[in-house]
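See below for the structure under consideration.
Quick caveat, the model's predicted, so the values are computed rather than measured. Just so it is clear, the values below take in all heavy atoms, side chains as well, and ignore hydrogens, waters and symmetry mates.
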Amino acid sequence: MKKRVVLVALILALVFAGIFGWKAFVNYKIHEFMAARGMPVVTVSTARVVRAAWRDHIRSVGSLTAIEGVTVTAQLPGVVTAIDFHSGAPVRAGALLVQVNDQPQLAQLAFDRAQARLAAANLRRTRTLYKEKAASRAQLDSAIASFHGATAHVAGDLAAIHELALRAPFSGVLGVRQVNLGQYLAPGAPIVDLQSYRTLYANFTLPQVEVPRVHVGQTIQLRVDAFPHRHFIGHVHAIDATVNPVTRNILVQAIVPNPAAVLRPGMFGRVRLLGRHVRKVMVVPAEALTYNTYGDTVYVVRHGTIKGHPHLIARQQVVAVGRERHGLVAIKSGLKVGQVVVTAGQVKLRNGMPIAINNTVQP
């Protein structure tokens with residue numbers, strides 16, 4: 001029985017020894033093959049570290065408002081008897097938009113004008129009698145007061161009639177009509193929006209620490225989502241007198257010309273407030289950066305040798321980065337102008353690996 005156990009144990013030992021021995025032999029051969037072959041060459045794209053002239057600027061967001069923009073509203077109650085405009089049409093200052101029923105006012109005007117003529121005739125007679133000492137000074141003063149009261153009634157009637165003819169207060173573009181023919185308008189009822197946007201205000205806020213860097217006349221660049229590839233140029237028109245005590249931001253207002261009328265009041269915009277100073281910075285494409293919690297890095301292309309053969313080698317370099325602009329990142333330290341960095345293919349790289357450069361096709 002003991003001989004059988006020993007025999008089985010011996011057989012198992014030989015089996016396991018063969019398995020582990022074969023595994024070790026295979027690993028040795030693989031290592032030998034890889035050592036003879038060397039590290040694989042990785043194809044990458046590259047770019048040079050260059051200097052660029054960057055102008056200082058401050059970023060913000062803002063909204064556009066019309067320099068002249070109102071909602072035309074009813075001044076006096078009445079029924080709409082005529083609508084003399086079309087939605088979305090341009091109008092000139094003084095153009096009639098809506099006529100509200102003015103027949104009662106016209107009738108009152110006719111009556112008050114008759115009263116004014118009577119008051120004027122009475123005043124003439126009273127003055128004649130006063131000169132002839134047939135009327136007292138009190139009678140003359142009463143006639144004068146009656147005449148002025150009657151003319152004031154006529155002026156009031158004319159003002160009411162004028163307010164019932166609603167006209168454009170300035171030239172601009174109308175919005176969507178909000179009234180209908182025959183509709184009763186209460187005082188303050190909206191009729192139509194009127195906006196003049198050949199020139200627009202761009203209102204934006206800046207943190208209080210930026211107050212020393214902003215001044216009237218300063219240039220801004222504005223971008224809106226509707227035209228992502230266009231920059232609209234404007235200038236700072238006014239700076240608020242106080243800092244908001246809640247947000248600690250200050251309101252800045254710029255004027256932006258809009259001759260093609262492509263911008264609209266109410267649009268959201270991204271604002272860049274351009275500074276006075278231009279500085280030289282060292283930049284690399286943003287694609288060259290690898291961001292990590294322990295430090296931002298790039299792969300720098302260097303000349304080296306592997307097993308006695310010359311190769312281009314990728315060396316990982318920690319860098320200090322600054323601001324990003326137009327796909328470029330400012331480098332504060334860690335690189336020198338003229339060095340070549342990898343911009344594509346980093347995911348296949350390890351420090352010290354040989355590389356081949358192909359800048360015509362992205363790997």
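Nearest heavy atoms, R315 versus G352: NH1-CA, 3.7 Å. Contact record, R350 with Y299: CA-OH, 4.0 Å, taken as the closest heavy-atom pair. Shown here for I355 and A314, the closest heavy-atom pair between the two residues is CG2-CB, 3.9 Å. Here the shortest heavy-atom pairing between A47 and P285 reads CB-CG, 3.8 Å. Closest heavy-atom contact between P190 and T73: CA-CG2, 4.0 Å. Closest approach of G334 and Q317 over heavy atoms only: O-CG, 3.3 Å.
Judged by distance alone, with hydrogens and angles left aside, the side-chain atoms of S142 form no donor-acceptor pair with the main-chain N or O of A138 at under 3.5 Å. Judged purely by atom type and a 3.5 angstrom limit, T343 has no side-chain atom pairing as donor or acceptor with the backbone of E287. Using modelled atom types, one side-chain atom of Q139 and one backbone atom of S136 make a donor-acceptor pair closer than 3.5 Å. Checking side-chain atoms of Q339 against main-chain N and O of K336 turns up a donor-acceptor pair under 3.5 Å. Panel note: side chain Q218, backbone L274; a donor-acceptor pair is recorded below 3.5 Å.
Put simply, the residue from L335, V319, V50 that forms a side-chain contact (heavy atoms from CB on, under 4.5 Å) with V284 is L335.
Under a hydrophobic-cluster definition in which Ile, Leu, Val, Met, Phe, Trp and Tyr are linked whenever side-chain heavy atoms come within less than 4.5 Å, directly or via other members, V329 and V318 are assigned to different clusters. Under the 4.5 Å side-chain heavy-atom criterion for ILVMFWY residues, a single connected hydrophobic cluster contains both F204 and I250. In terms of hydrophobic clustering, with Ile, Leu, Val, Met, Phe, Trp and Tyr side chains grouped at heavy-atom distances under 4.5 Å, I67 and M267 are assigned to different clusters. Note on Y184: it does not cluster hydrophobically with I83, by side-chain heavy-atom contacts below 4.5 Å among ILVMFWY residues. Cluster membership for L185 and V176, using ILVMFWY side-chain heavy atoms within less than 4.5 angstrom, is not shared.
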List the atom pairs, with distances to 0.1 Å, where a side-chain N or O of residues 88-103 and a protein N or O form a donor-acceptor pair under 3.5 Å, not counting sequence neighbours.
from : atom 1 : to   : atom 2 : distance (Å)
Q99  : NE2    : L164 : O      : 3.4
N101 : OD1    : Q103 : N      : 3.3

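R264 CZ to Y197 OH: the interatomic distance, rounded to the nearest 0.5 Å, is 3.5 Å. Atom CG of residue L158 and atom CD of residue Q105 lie 11.5 Å apart, to the nearest 0.5 angstrom. The distance from atom CD1 of I191 to atom CG of L166, rounded to the nearest 0.5 Å, is 4.0 Å. The distance from atom NE2 of H57 to atom CG of L273, rounded to the nearest 0.5 Å, is 9.5 Å. Remark: Q208 CD to R248 CZ distance equals 6.5 Å, nearest 0.5 Å. Distance check, rounded to the nearest 0.5 Å: CZ of R167 to NE2 of H162 gives 7.5 Å.
For T71, the side chain to side chain donor-acceptor pair (under 3.5 Å) partners at least two apart in sequence or on another chain are D193.
L123 is listed as a side-chain neighbour of L140, based on a closest heavy-atom distance under 4.5 Å. The shortest side-chain heavy-atom distance between R59 and V271 does not fall under the 4.5 Å cut-off. F147 has its side chain out of reach of N122: every pair of non-hydrogen atoms, C-beta onward, lies at least 4.5 Å apart. Between P265 and L200 there is a side-chain heavy-atom pair separated by less than 4.5 Å. A heavy-atom distance below 4.5 Å is not found between the side chains of N258 and L64. H153 has its side chain out of reach of Q108: every pair of non-hydrogen atoms, C-beta onward, lies at least 4.5 Å apart. Side-chain contact check for L251 versus N244: every heavy-atom pair is 4.5 Å or farther apart. Taking 4.5 Å as the limit, some side-chain heavy atom of Y201 sits within range of a side-chain heavy atom of I255.
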>> Evaluate I233 against Q221 for side chain to side chain contact (heavy atoms under 4.5 Å, CB included), listing each step before the verdict.
In response: CA-CA 5 Å; I233 304 300; Q221 290 182 345; 3.6 Å; yes
> So F170 and V70, side chain to side chain contact (heavy atoms under 4.5 Å, CB included) or not? Walk me through it.
Replying inline: CA-CA 10 Å; F170 51 83; V70 297; 3.9 Å; yes
>> Working note: F232 + V262, criterion side chain to side chain contact (heavy atoms under 4.5 Å, CB included); need CA distance, chi angles, decisive distance, verdict.
In response: CA-CA 11 Å; F232 299 90; V262 293; 3.8 Å; yes
> Please walk me through it: do L263 and V256 pass side chain to side chain contact (heavy atoms under 4.5 Å, CB included)?
Replying inline: CA-CA 10 Å; L263 300 175; V256 180; 4.3 Å; yes
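Q253 and N203 share a side-chain donor-acceptor pair at under 3.5 Å.
Within the structure, side-chain hydrogen bond (donor to acceptor under 3.5 Å, both in side chains) contacts touching residues 225-242 (residues at least two apart or in different chains) are D225-R270.
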